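Throughout, numbering of the chain's residues begins at 1 and tracks the sequence. Just so it is clear, the values below take in all heavy atoms, side chains as well, and ignore hydrogens, waters and symmetry mates. Just so you know, ligand 1 is whichever comes first in the structure, and atom 1 is the first atom listed for that ligand. Predicted, not measured: the structure shown is a model, and the values here were computed from it.
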Amino acid sequence: MTHPDWRQIQRDHLFFTWTRQAASNGWEIDAAEGARFHVPGRGWIWDLESQVYNVNAGHNHPHIKRRMVDQINELPAAAPGAVLPIRATLAEKLVTHTGLERAFLTTGGSEAVENAIKIARLFTGRRKILARRHSYHGATFATLAIGGDARKDPFVADLSPSYHIDDPYPLPPRGDGPSAWLASVQRLVAREGPDTIAAILLEGLTGTNGVQIPPDDFWPGVRQLCDEHRILLIDDEIFSGFGRTGRWFACEHWQVRPDIMVIGKGLTSGYAPLAGVMVNREISEYFVDQTLWCGLTHYAHPVSCAAAVGAVEVLEHDKLVENAASVGQHLFARVAALRDDAVIGAHLVDVRGRGLMLAVEFDRAAESLVARLWARNVYCPARTRTLFLCPPLCLTRHQADQVADLLVDAAREEFASG
Ligand SMILES: Cc1ncc(COP(=O)(O)O)c(C=O)c1O
């Protein structure tokens with residue numbers, strides 16, 4: 001019996017995100033395991049995007065599924081105000097890993113950033129939110145306005161003003177004073193007036209806007225500036241959190257603790273929708289007697305909480321954060337070695353990142369290289385000239401070598417003609 005043409009039905013009746021519908025190239029997936037997914041009639045594909053930077057714990061993990069099924073059997077639906085063991089269990093885990101005090105749990109990342117903004121405004125009584133020019137914090141009106149990503153362009157006439165830190169990359173040569181990034185944020189705070197600024201919002205490590213490694217003085221300098229002026233530091237770890245960079249959260253690379261942290265994606269490893277806002281003790285205590293004007297129907301959904309507990313347990317038990325650090329370092333070294341490759345070297349502009357959050361920039365649009373990788377059963381996301389290597393964190397060293405070999409092969413073919 002032939003099965004219906006799911007691809008055609010979906011193309012006819014469901015929208016694909018961020019694309020002209022005629023240009024969508026969604027493929028059917030019928031299975032996934034570890035660091036790969038399976039496309040019928042095609043085979044097993046290396047997933048270097050982890051299903052939109054989501055599946056940190058790896059595909060089809062039995063422990064996460066068991067946690068979810070147990071919760072479905074026990075209680076699959078409950079109002080936000082209900083006390084549930086699975087919610088309390090998750091809260092304790094989040095406090096342990098972030099070092100912060102209390103969580104507000106939402107469905108998706110953009111909503112979480114919006115709620116972080118609301119919390120910062122309620123707590124400080126101030127309005128402005130500063131962010132980096134090369135940043136993405138979500139696709140709602142408020143979050144598009146704050147970030148610098150080009151996805152805001154069609155709506156720009158309707159958006160509130162943004163306050164952007166200049167973050168040139170490659171980093172300009174450094175003199176005796178602060179780096180260009182830190183000097184920019186210092187100027188911006190002085191120009192706007194510290195008393196008007198509720199928060200500075202930064203991605204732990206910038207995702208689709210380029211994975212630029214900030215100058216050493218940036219995070220500590222921003223922390224100091226925030227402390228001096230009682231501005232809140234909000235760390236958006238939606239992309240970079242839950243082990244992606246080889247630490248639980250990317251801000252740990254700079255030994256900085258934010259006042260508010262936004263989490264999502266890897267929180268449940270994509271097994272169910274959940275994101276959240278973590279706040280420090282002072283903010284947590286402020287809302288003991290003040291109303292928290294935030295709430296959503298699906299707040300802390302029980303099955304999503306179970307997925308999150310399961311995913312965090314897998315990261316802990318399988319030591320995937322440590323694995324991301326060591327396998328990431330190996331993959332980085334393999335790709336960086338291409339600088340000396342007779343065919344590819346001249347076209348390789350930069351390799352950067354931490355853990356399994358790597359960006360590889362070439363001197364031309366990455367589109368045809370992405371197609372060559374796909375022909376070798378590697379799905380690799382790209383933006384303009386940059387490839388992103390962000391596989392599930394269970395990728396082994398041996399698998400990293402397989403992926404690197406396929407990348408070398410595809411790149412040699414791509415650049416063979418100069
Ligand atoms: C850093 C960052 N913030 C916010 C978001 C928005 O999250 P969501 O797509 O879950 O709304 C994303 C999504 O890619 C992100 O990478």
Side-chain angles (χ1 to χ4, degrees), residues 15-19 48-56 98 104-120 129-152 155 162 164-165 167 199-214 219 233-245 247 249-251 253 258 260-278 294 296 298-301 304 307-308 311 353-359 381-383 386 388-390:
F15 281 116
F16 292 88
T17 56
W18 302 114
T19 186
L48 299 191
E49 199 189 36
S50 299
Q51 307 300 306
V52 199
Y53 316 103
N54 231 341
V55 188
N56 290 13
T98 63
F104 182 84
L105 294 172
T106 69
T107 333
S110 308
E111 290 163 35
V113 176
E114 287 233 9
N115 280 288
I117 294 165
K118 283 186 180 176
I119 289 170
I129 310 284
L130 277 41
R132 277 181 47 198
R133 196 171 297 286
H134 289 102
S135 64
Y136 177 69
H137 294 287
T140 58
F141 277 102
T143 54
L144 279 177
I146 286 165
D149 189 281
R151 281 171 267 189
K152 74 197 293 179
F155 306 102
S162 41
H164 283 156
I165 302 161
D167 50 2
I200 300 176
L201 169 62
L202 302 174
E203 284 173 79
L205 180 57
T206 297
T208 44
N209 276 266
V211 194
Q212 305 92 348
I213 304 295
W219 273 92
L233 176 53
I234 307 179
D235 172 22
D236 178 350
E237 294 276 354
I238 290 171
F239 191 129
S240 55
F242 293 94
R244 170 70 44 213
T245 70
R247 302 283 175 92
F249 299 100
C251 62
H253 290 286
I260 297 179
M261 186 189 283
V262 193
I263 52 179
K265 292 186 185 281
L267 167 61
T268 64
S269 271
Y271 284 59
L274 191 74
V277 186
M278 302 295 306
C294 303
L296 297 157
H298 294 296
Y299 171 96
H301 190 277
S304 298
R354 294 274 189 278
L356 286 170
M357 182 166 170
L358 301 177
R383 216 173 178 196
T386 302
F388 298 96
L389 312 185
C390 299

* To do: Indicate yes or no for a side-chain donor-acceptor contact from S304 to the backbone of A272 under 3.5 Å, with no hydrogens or angles considered.
  => no
* To do: Report the residues that fulfil salt bridge (charged side-chain N to carboxylate O under 4.0 Å, His left out) with D235, sequence neighbours left out, ordered by chain and then residue number.
  => none
* Rounded distance (nearest 0.5 Å) linking atom NE2 of H301 with atom CG of L105 -> 12.5 Å
* Asked: Are more than 12 heavy atoms from other residues, nucleotides or ligands located less than 6.0 Å from atom NE2 of H253?
  -> yes
* **Pairwise distance SG(C390) to CZ(R244) - rounded to 0.5 angstrom** => 5.0 Å
* Has R151 got its NZ or CZ under 6.0 Å from the middle of the six-membered ring of Y136, at an angle within 45 degrees of the ring axis? -> yes
* Structure fact -> Contacts for ligand 1, heavy atom under 4.0 Å, by chain and number, are G108, G109, S110, Y136, H137, G138, E203, D236, I238, F239, K265
